[in-house]
K.L.:
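I'd like to ask some things about the structure below.
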Amino acid sequence: MTQAGRARPVPAPGAPPPPLLSLADLLAAVRHRRARVLLPACHPAGPEERRKAAMKIWSSEHVFGHPWDTVIKAAMRKYPNPMNPSVVGVDVLDRSLDNQGRLHSHRLLSTEWGLPSIVKAILGTSRTLTYVAEHSVVDPVEKKMELCSTNITLTNLVSVDERLVYTPHPENPEKTVLTQEAIITVKGISLSSYLESLMANTISSNARKGRDALEWVISKLNAELEELKSTREGMKPAMAAASTEK
């Protein structure tokens, strides 16, 4: 069994994929990578690091027409949703408050990357199920949510590190700004730049689906709130009648 953090050799094209990691191996991998990933803040590679390694940087910014509190509630309840069926499982590993009142959540996501056939052929793997370590920090005082994630399987072939930050719009508190960045690195493979560009396009598509998913969750939350209000209003006459009878 491969030890956590030790890269496996790149398989030859057409070779059978290596066995799936056990849960113990996955948790060991999470612990091994926690120093880099599971931190209160994660920072993208600087210019010097980018020069030393071949990377594809993708970034975007989006404005939601909802207050920060609403968007964060939706982000915490994002999965499952019909827009992101590729996320097939979410396990909460740890959730706690620090001494500054910030909520830290460590989760393990099971995802189907859905790589194109040509990408799987070049990478020399047919496996698409990937595990992702995710750490989020919600600061209710500063009104900031930061989420960092990285894959912990297939790391000998490709690394995808993502960072999302949700903050109130600087000019309109009824809106929320989402900034998102991903660093894609394909390792030891020919045509790495081509593959990184393909994966960046996939991430861009998934990011749009993710934003649509948040809008879907917000609509769902609003519908639940309206239903509760209607139920409460419907109970008022009965409560008033009961009070009168007493």
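What you see is a predicted model; the values in this text were computed from it and never measured.
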K.L.:
Given salt bridge (Lys or Arg N to Asp or Glu O under 4.0 Å), test R77 with E224 step by step and report yes or no.
P.N.:
CA-CA 13 Å; R77 294 178 57 177; E224 291 175 357; 3.6 Å; yes
K.L.:
More than 12 non-hydrogen atoms from neighbouring residues, nucleotides or ligands closer than 6.0 Å to CD on E61, yes or no?
P.N.:
yes
K.L.:
Under the criterion side chain to side chain contact (heavy atoms under 4.5 Å, CB included), I'd like the reasoning laid out for S204 against T202: C-alpha separation, chi angles, the key distance, then a yes or no.
P.N.:
CA-CA 5 Å; S204 179; T202 300; over 6 Å; no
K.L.:
If only side-chain N and O atoms count, and only distance matters, is there a donor-acceptor pair under 3.5 Å linking H104 with D98?
P.N.:
yes
K.L.:
How many angstroms lie between NE2 in H62 and OG1 in T179, if you round to the nearest 0.5 Å?
P.N.:
12.5 Å
K.L.:
Determine, step by step, whether S136 and E146 satisfy the side chain to side chain contact (heavy atoms under 4.5 Å, CB included) criterion, reporting the C-alpha distance in whole Å, the side-chain angles of both residues, the deciding distance to 0.1 Å, and the verdict.
P.N.:
CA-CA 6 Å; S136 64; E146 185 169 9; over 6 Å; no
K.L.:
Do you know which two heavy atoms are closest between L108 and I152, and how far apart they sit?
P.N.:
CD1-CD1, 3.7 Å
K.L.:
Identify, with sequence neighbours excluded, every residue that meets side-chain contact (heavy atoms from CB on, under 4.5 Å) alongside N222.
P.N.:
I218
K.L.:
Measure the CD-CG distance between Q180 and L164 for me, rounded to the nearest 0.5 Å.
P.N.:
4.0 Å
K.L.:
Taking only residues two or more places apart in sequence, or in another chain, which ones meet H169 in a ring-ring contact (aromatic ring centres under 6.0 Å, His included)?
P.N.:
none
K.L.:
Distance from I184 atom CD1 to I203 atom CD1, nearest 0.5 Å?
P.N.:
3.5 Å
K.L.:
What residues join V177 in its hydrophobic cluster, counting side-chain heavy atom gaps under 4.5 Å, either direct or through other members?
P.N.:
V63
K.L.:
Start with the C-alpha gap between K187 and S159, add the side-chain angles, then the distance that decides, and say whether side chain to side chain donor-acceptor pair (under 3.5 Å) holds.
P.N.:
CA-CA 8 Å; K187 307 170 184 178; S159 292; 2.8 Å; yes
K.L.:
Could you go through residues 66-75 and list every donor-acceptor pair under 3.5 Å that involves a side-chain atom there, pairing it with any protein atom two or more places apart or in another chain?
P.N.:
unit_1: H66; atom_1: NE2; unit_2: E215; atom_2: OE1; d: 2.8
unit_1: W68; atom_1: NE1; unit_2: Y166; atom_2: O; d: 3.1
unit_1: D69; atom_1: OD1; unit_2: K143; atom_2: NZ; d: 3.1

K.L.:
Does either side chain, that of D161 or that of T150, offer a donor lying less than 3.5 Å from an acceptor on the other one?
P.N.:
yes
K.L.:
Through direct or indirect side-chain contacts below 4.5 angstrom among Ile, Leu, Val, Met, Phe, Trp and Tyr, which residues connect to V92?
P.N.:
none
K.L.:
Looking at N201, is its backbone amide N or carbonyl O close enough to the side chain of S205 to form a donor-acceptor pair, meaning the two atoms are under 3.5 Å apart?
P.N.:
no
K.L.:
Under 3.5 Å, is there a donor-acceptor pair between the side chain of N151 and the main chain of V158?
P.N.:
yes
K.L.:
Taking atom CG of L93 and atom NE2 of H106, what is their separation to the nearest 0.5 Å?
P.N.:
8.5 Å
K.L.:
Are L97 and M145 joined in one hydrophobic group, where the rule is that I, L, V, M, F, W and Y side chains link up if heavy atoms are under 4.5 Å apart?
P.N.:
yes
K.L.:
Donor-acceptor check, side chain of N81 to backbone of K78, threshold 3.5 angstrom: yes or no?
P.N.:
yes
K.L.:
For the pair E162 and V160, evaluate side chain to side chain contact (heavy atoms under 4.5 Å, CB included) and give the outcome as yes or no after the intermediate values.
P.N.:
CA-CA 6 Å; E162 292 191 74; V160 179; 4.1 Å; yes
K.L.:
Do the non-hydrogen side-chain atoms of V165 and K144 ever get within less than 4.5 Å of each other?
P.N.:
yes
K.L.:
Which pair of heavy atoms, one from W58 and one from A200, lies closest together, and at what distance?
P.N.:
CD1-O, 4.1 Å
K.L.:
Side chain of E181, backbone of I57: donor and acceptor closer than 3.5 Å?
P.N.:
no
K.L.:
Output all residues satisfying salt bridge (charged side-chain N to carboxylate O under 4.0 Å, His left out) with D91, sequence neighbours left out; order by chain, then residue number.
P.N.:
none
